Amino acid sequence: MSRKKRINFTDISIVLFITAVSITCLVPFLYMISLSFSSNEAIISQKVTLWPVGFTLETYKTILSDVEMIYTLGYTIVLTIVYTLVCMFLTICAAYPLTKQRLKGRSFILTVLVFTMYFSGGLIPSYMLVKNLDMMNTMWSLILPGAMSVFNLIILKTFFASLPESLEESASIDGCNELGILVRIVLPLSLPSIATLSLFYAVDRWNGFQDALFYITNKNLYPMQLKLYQIITANQQLDTQQGEGSIGAYIVPESLKAASVMFATVPILVVYPKLQKYFVDGVMTGAIKG
Amino acid sequence: MKAVLENYRENIKIKKKNSILHSLKRDSLLYLLLLLPMAYILIFRYAPIYGVLMAFQDYNIFEGISGSEWVGLDVFKFIFEQNSFYRALTNTLVLNLLDLVAGFPAPIILAILLSEIRYVRFKKVTQTILYLPHFLSWVIIGGMVYLLFSSGGMANTVLSSIGIGKMEFLSQKTNWLIMYVAIGIWQSVGWGTIIYLASIIGINKELYEAADIDGCSRLRKIWHITLPGIKPTIIILLILQIGRMLSIGFDRPFVMGNSLVSEYSDVISTYVYRIGIGSGDFSQATAVGLFQSVVGLIFLVAANYIAKRIGEQGIW
């Protein structure tokens, strides 16, 4: 009686349950998609559920012909790439030396780093720092304050430390210095880890909203999430006050909101499944070490 | 004799000095690599800690920290007399507590169910779907929630079409609390399973085989093998979450809140934002932030101490 052959009631109910939970994760997307392709009349008369009613491409035409929206997309992509590069550079520079047991002051440096995971000056002192460094309303206010996460650094350090030492030894016998070992041996072997952490940094930046809300007041420099927030909340207050479209208020059609949500989500949907096999391993390496 | 000893000590000193110099020289490249990250940490992590001095001053934006007047604990006294501060504090605790009670067991249950699935393909596909909400921003989720659950959203369309009638998901206070917690679970449950799945994989397979031979049912195996197997992970994560009781992210309550439920949705992070950046009262906002950091740190250290006491690994 092997475990594999018999499919019983329990198996079926588990599969059904997991399917139901997965569907809950997908329904909001389906609804967003059908809203974005539906006509405004159909949305207002509440006919739209999971399939478009009064199919139209107008909404996407509006978004794609909106110069500001395209600019924001481009700007946010550049921002995300620069941020990820800066973060990975700092993280690698810190992680590699800290794997060397012989390094003097190693544990002190680690303590200095780890302390910042548990205690920070808080929101206002960070805000004042950015202000005093004259970074308000610049791209750098969204890059530097959050560049390098100590948590990610520890994940990478754990991964570096798991590489066989003999490889590095033989390289140093061949006359490679530490930098050569890092670039030629350690980094190529760590690509899965580096891909994972890059994804984490990139998603953080792409999704980042709080710092942009604090530091960016110039509309032209809004990253995607802040712009999206503006679009979504444009007339939300009216709804919570039960007022259906008071005249003169700036009304953003629901279809446009839905399409904007999709617009900001699609890049993640495209990138994320491709990196999935890496990041699960990456998370586990990090989780085990804590 | 004394002179010899002195000489000997001197020698050791020189040797020690030499060895530091030596290691600096030997590892100069490594130190060079560390230079930028450390400079970064000092400027962007430690300099703001210096900024908490504002909490003890009547901070004047034109004078800066060096020029502002010191007022001791007056700012704290003032805050502790504010009802709005207690409201934010209570809301933070309540929302975190609800998250803990409802949200903590969810990924454990889901992970156990996922681990019981034998169809590899199905498992992979559903996992990809389940992880997805974790990668969405709260702005996106907030937008979806609004579109789905506002008075004209899909939820209400469905409810009225089956004759139940409309519900105020987002503007009625209890409903809002339920939504806040439910959406939180929706966003994090799949991602949360990863760590439990990892520790389930680590359980010795022979235990299950032995249980099979003894004729154990599925449920008994889960109860007697799987759960005890992941117990250390559960305890650590539980303690960690309790230790973070006072800290709360900004985006989720900010995006999900609205004027009708602000009595529940105003938490410490949004409170600090409002009085600090909104009203420009930097001293007060810094003091609230400092209170949160210090009490939060005490919570965390205590939680870690308890973890170690009951024989678990602890966080550090």
Side-chain angles (χ1 to χ4, degrees), chain A residues 10 14 17-18 22 25-26 28 31-32 35 46 49 90 93-94 96-97 100 103-104 113 116 118-129 144-145 147-148 177-179 203 207 209-210 214 225 228-229 232 236-237 239-240 254 257-258 261 264-265 268 272-273 276 280 283-284 287 290, chain B residues 20 23 27 29-30 33-34 36-37 40-41 44-45 47-49 51-52 54 113-114 116-117 122 126 128-130 132-133 135-137 139-140 143-144 146-148 150-152 154 157-158 171 186 194-195 198 212 218 250-251 258-260 272 276-277 282 285-286 289-290 293 297 300 315:
Chain A
T10 329
I14 290 175
F17 179 78
I18 300 284
S22 310
C25 289
L26 288 178
Y31 182 56
M32 292 304 114
L35 274 187
Q46 298 192 15
T49 47
L90 286 177
C93 283
Y96 181 66
K100 303 284 170 222
L103 195 75
K104 280 256 155 48
L113 288 169
T116 62
Y118 300 104
F119 191 84
S120 71
L123 200 151
I124 299 299
S126 311
Y127 172 81
M128 296 307 287
L129 178 73
L144 293 178
M148 187 164 101
N177 65 15
E178 291 288 0
L179 209 60
V203 169
N207 284 341
F209 163 69
Q210 183 183 9
F214 295 174
Q225 302 296 333
L228 185 63
Y229 179 75
I232 290 168
Q236 195 169 322
Q237 292 318 70
D239 185 83
T240 49
E254 308 295 286
K257 290 183 186 179
V261 168
T265 315
I268 290 179
Y272 140 88
Q276 195 196 344
V280 173
V283 173
M284 285 181 188
Chain B
I20 289 177
S23 75
D27 294 328
L29 265 174
L30 295 177
L33 280 177
L34 273 169
L36 265 180
Y40 165 75
I41 286 284
F44 286 97
R45 291 293 191 289
I49 293 179
V52 301
M54 277 186 280
L113 290 179
L114 276 172
E116 291 288 322
I117 288 178
F122 175 80
T126 45
T128 307
I129 297 171
L130 289 169
L132 183 63
F135 289 91
L136 302 180
S137 76
V139 176
I140 290 175
M144 284 183 176
Y146 168 73
L147 289 169
L148 269 162
S150 65
S151 61
M154 187 179 98
T157 309
V158 172
S171 48
W186 179 82
I194 292 184
I195 191 163
D212 272 338
R218 266 285 193 44
F250 175 86
D251 292 10
N258 60 56
S259 54
L260 293 178
V272 170
I277 297 172
F282 294 115
T286 306
L290 182 60
S293 286
L297 189 65
L300 204 65
I315 323 157

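All values below were derived from every heavy atom in this structure, side-chain atoms included, with hydrogens, water molecules and symmetry-related copies excluded. Everything numeric in this text was worked out from a predicted model, so none of it was measured. Just so we're on the same page: letters track the sequence lines, and every chain starts at 1.
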K.L.:
So which part of A:M128 gets closer than 4.5 Å to some heavy atom of chain B, the side chain, the backbone, both or neither?
P.N.:
side chain

K.L.:
Restricting to non-hydrogen atoms, name the atom on B:Y40 and the atom on B:R45 that form the minimum distance, rounded to 0.1 Å.
P.N.:
OH-NH1, 2.8 Å

K.L.:
Side chain, backbone, both or neither: which part of B:A285 has a heavy atom under 4.5 Å from chain A?
P.N.:
both

K.L.:
Quick check on B:L29 against chain A: is it the side chain, the backbone, both or neither that has a heavy atom closer than 4.5 Å?
P.N.:
side chain

K.L.:
Got A:Y96 and B:L30 here, is their nearest side-chain heavy-atom distance under 4.5 Å?
P.N.:
yes

K.L.:
Does B:L300 offer a backbone N or O that forms a donor-acceptor pair with the side chain of A:Y118 under 3.5 Å?
P.N.:
no

K.L.:
Does any backbone or side-chain atom of B:M144 lie under 4.5 Å from a heavy atom of chain A? Answer side chain, backbone, both or neither.
P.N.:
both

K.L.:
Side chains of B:L147 and A:M32: does their closest heavy-atom pair fall under 4.5 Å?
P.N.:
yes

K.L.:
Quick one: are B:L33 and A:E178 in side-chain contact, heavy atoms under 4.5 Å?
P.N.:
no

K.L.:
If you count heavy-atom pairs within less than 4.5 Å of chain A, which of B:L113, B:V272, B:T128, B:L148 leads?
P.N.:
B:T128

K.L.:
Is the shortest side-chain heavy-atom distance between A:I14 and A:T10 below 4.5 Å?
P.N.:
yes

K.L.:
Is the gap between the ring centers of A:F209 and A:F214 under 6.0 Å?
P.N.:
no

K.L.:
Identify which part of A:Y127 has an atom lying under 4.5 Å from any heavy atom of chain B, answering side chain, backbone, both or neither.
P.N.:
side chain

K.L.:
Identify which of B:D251, B:T126, B:V52 forms the greatest number of heavy-atom pairs closer than 4.5 Å to chain A.
P.N.:
B:D251

K.L.:
Please identify, among A:V203, A:L144, A:N177, the residue contributing the most non-hydrogen atom pairs under 4.5 Å to chain B.
P.N.:
A:L144

K.L.:
Side chain, backbone, both or neither: which part of B:F135 has an atom under 4.5 Å from a heavy atom of chain A?
P.N.:
both

K.L.:
For the interface with chain A, which of B:L114, B:L130, B:L290 has the highest count of heavy-atom pairs at distances below 4.5 Å?
P.N.:
B:L130

K.L.:
With chain B, which of A:L129, A:I268, A:L179, A:V261 has the greatest number of heavy-atom pairs at distances under 4.5 Å?
P.N.:
A:L129

K.L.:
With rounding to the nearest 0.5 angstrom, report the CG to CD1 distance, A:L90 to B:I41.
P.N.:
9.0 Å

K.L.:
Side chain, backbone, both or neither: which part of A:L123 has a non-hydrogen atom closer than 4.5 Å to chain B?
P.N.:
side chain

K.L.:
What is the minimum heavy-atom distance between B:I129 and A:S22, and which atoms define it?
P.N.:
CG2-O, 3.5 Å

K.L.:
Checking B:F122 against chain A: side chain, backbone, both or neither under 4.5 Å from a heavy atom?
P.N.:
side chain

K.L.:
Do you know which of B:S137, B:G51, B:S293, B:G143 has the most heavy-atom pairs under 4.5 Å to chain A?
P.N.:
B:S137

